[in-house]
Amino acid sequence: MSQKLSPGTALMLTVPPLLWAGNAVIGRLVNTLVPPITLNFLRWAVALFILLPLASWVLRRSSGLWQHWRRFALLSLLGVGCYNALQYLALQTSTPLNVTLVAASGPVWMLAIGALFFQAPVRRAQMYGAALSIVGVLVVLSRGDWAQLLAVRLVIGDLFVLLATACWSWYSWLLSRRDEPDAIRNDWAAFLLAQVVFGLGWSGLFAGLEWGLTDAHITWGWPLISALAFVAVGPAVLAYRCWGLGIQRAGPAVAGFFANLTPLFAAIFSAAFLGELPHLYHVAAFALIVGGIVVSSRQ
């Protein structure tokens, strides 16, 4: 695993936050049509049918998947079962400002988990990069007016985002280890399908609890079907593919800084939906976040 950040790797790691920003917008738009944890289950069910024609061989007894079931059960719990379910759940009770503010702690989580549990040293450049990146996120969230940040009040949804960010950081570090057969690891569709198979079990369990403990209901129609198609193809299959390959090339610590592009893209999407033109603070924030990525990737 190389820590060097090439232009191609940088582009690959930019795709996931772009799609995740769209995922947050869609999750907010359909929160009255489908329960949040059920939405997570449905998106991965659709992703399963997308991946099956590409890598159904991984389900065979001889593939090595079942001999390494503990590895894939843990990966799927963190990346498929918990991460997006907690994000969708957070959007029910928290504001986009709070959600993205708490999620901006991602690089810090990535560095801390790597140092504590994966014996990864934290370089001074990474600390400087984390500071620049977080300042860039704060510029977006405050819209250039720092007084807005003083009015932030945390709610239960913010705790869900914090847990989601920790889960994603742990998941990313686990991806950096090659503890599964090469045949599975070298086939991106097989590697993701192996996680989705176990992830559907986790997300199905969580969705069952949601229906048993709440007054859950689904309003089917083209808006929900279109949303499911997007979140399954984009933020699920494509984003996870790009993120996993980016982790292998650049390492979890460097990749973690790219996640802070998500609120910037979300702000741009929101501006587009509202018919507003980009502002100067968007440019400043982009420069700070990219600066953090560049600084953190230096040897």
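- Counting heavy atoms from C-beta on, the side chains of L162 and W109 come closer than 4.5 Å.
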Going through the checks in order, is the side-chain contact (heavy atoms from CB on, under 4.5 Å) test met by T14 and F265? CA-CA 10 Å; T14 302; F265 290 141; 3.9 Å; yes
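- Between the side chain of S226 and the main chain of P223, no donor-acceptor pair closer than 3.5 Å is present.
- For the atom pair Y88 OH and I26 CD1, the distance stands at 9.0 Å (nearest 0.5 Å).
- Partners of W243 by ring-ring contact (aromatic ring centres under 6.0 Å, His included), not counting sequence neighbours, listed by chain and number: W20, W168.
- Considering all non-hydrogen atoms of both residues, V80 and G199 come closest at CG1-CA, 3.6 Å.
- Closest approach of I184 to S63, counting heavy atoms only: CD1-O, 3.7 Å.
- Put simply, the side chain of L42 does not reach to within 4.5 Å of the side chain of V46, judged on heavy atoms.
- Contact annotation: the side chain of L39 approaches that of L228 to within less than 4.5 Å [non-hydrogen atoms, C-beta and beyond].
- Ring orientation note: the planes of F117 and W170 are tilted relative to one another, at an angle of 30° to 60°.
- To the nearest 0.5 angstrom, F230 atom CZ is 9.5 Å from L238 atom CG.
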Step by step, would you call F198 with L74 a side-chain contact (heavy atoms from CB on, under 4.5 Å)? CA-CA 9 Å; F198 287 96; L74 180 56; over 6 Å; no
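- Between the OG1 atom in T38 and the CZ atom in F206 there is a gap of 12.5 Å [rounded to 0.5 Å].
- For the pair A73 and S76, the tightest heavy-atom approach, listed with the atom from each and the gap, is O-OG, 2.9 Å.
- Of the listed residues (L51, L75, V196, V58), just one forms a side chain to side chain contact (heavy atoms under 4.5 Å, CB included) with F191, and that residue is L75.
- Aromatic pair F41/W211: ring centres not closer than 6.0 Å.
- Scanning all heavy atoms of the two residues, the minimum distance from E210 to I37 falls at OE2-N, 3.1 Å.
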Take T219 and L224 through the side-chain contact (heavy atoms from CB on, under 4.5 Å) test and state the conclusion after the steps. CA-CA 8 Å; T219 304; L224 179 56; 6.0 Å; no
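- Contact record, A47 with V237: CB-CG2, 3.9 Å, taken as the closest heavy-atom pair.
- Closest approach of P35 to I218, counting heavy atoms only: CD-CG1, 4.0 Å.
- If you take CG on N23 and CG on L18, they are separated by 11.5 Å, rounding to the nearest 0.5 Å.
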Where do H68 and D179 land on the side-chain contact (heavy atoms from CB on, under 4.5 Å) test, with the steps shown first? CA-CA 8 Å; H68 294 79; D179 294 335; 5.7 Å; no
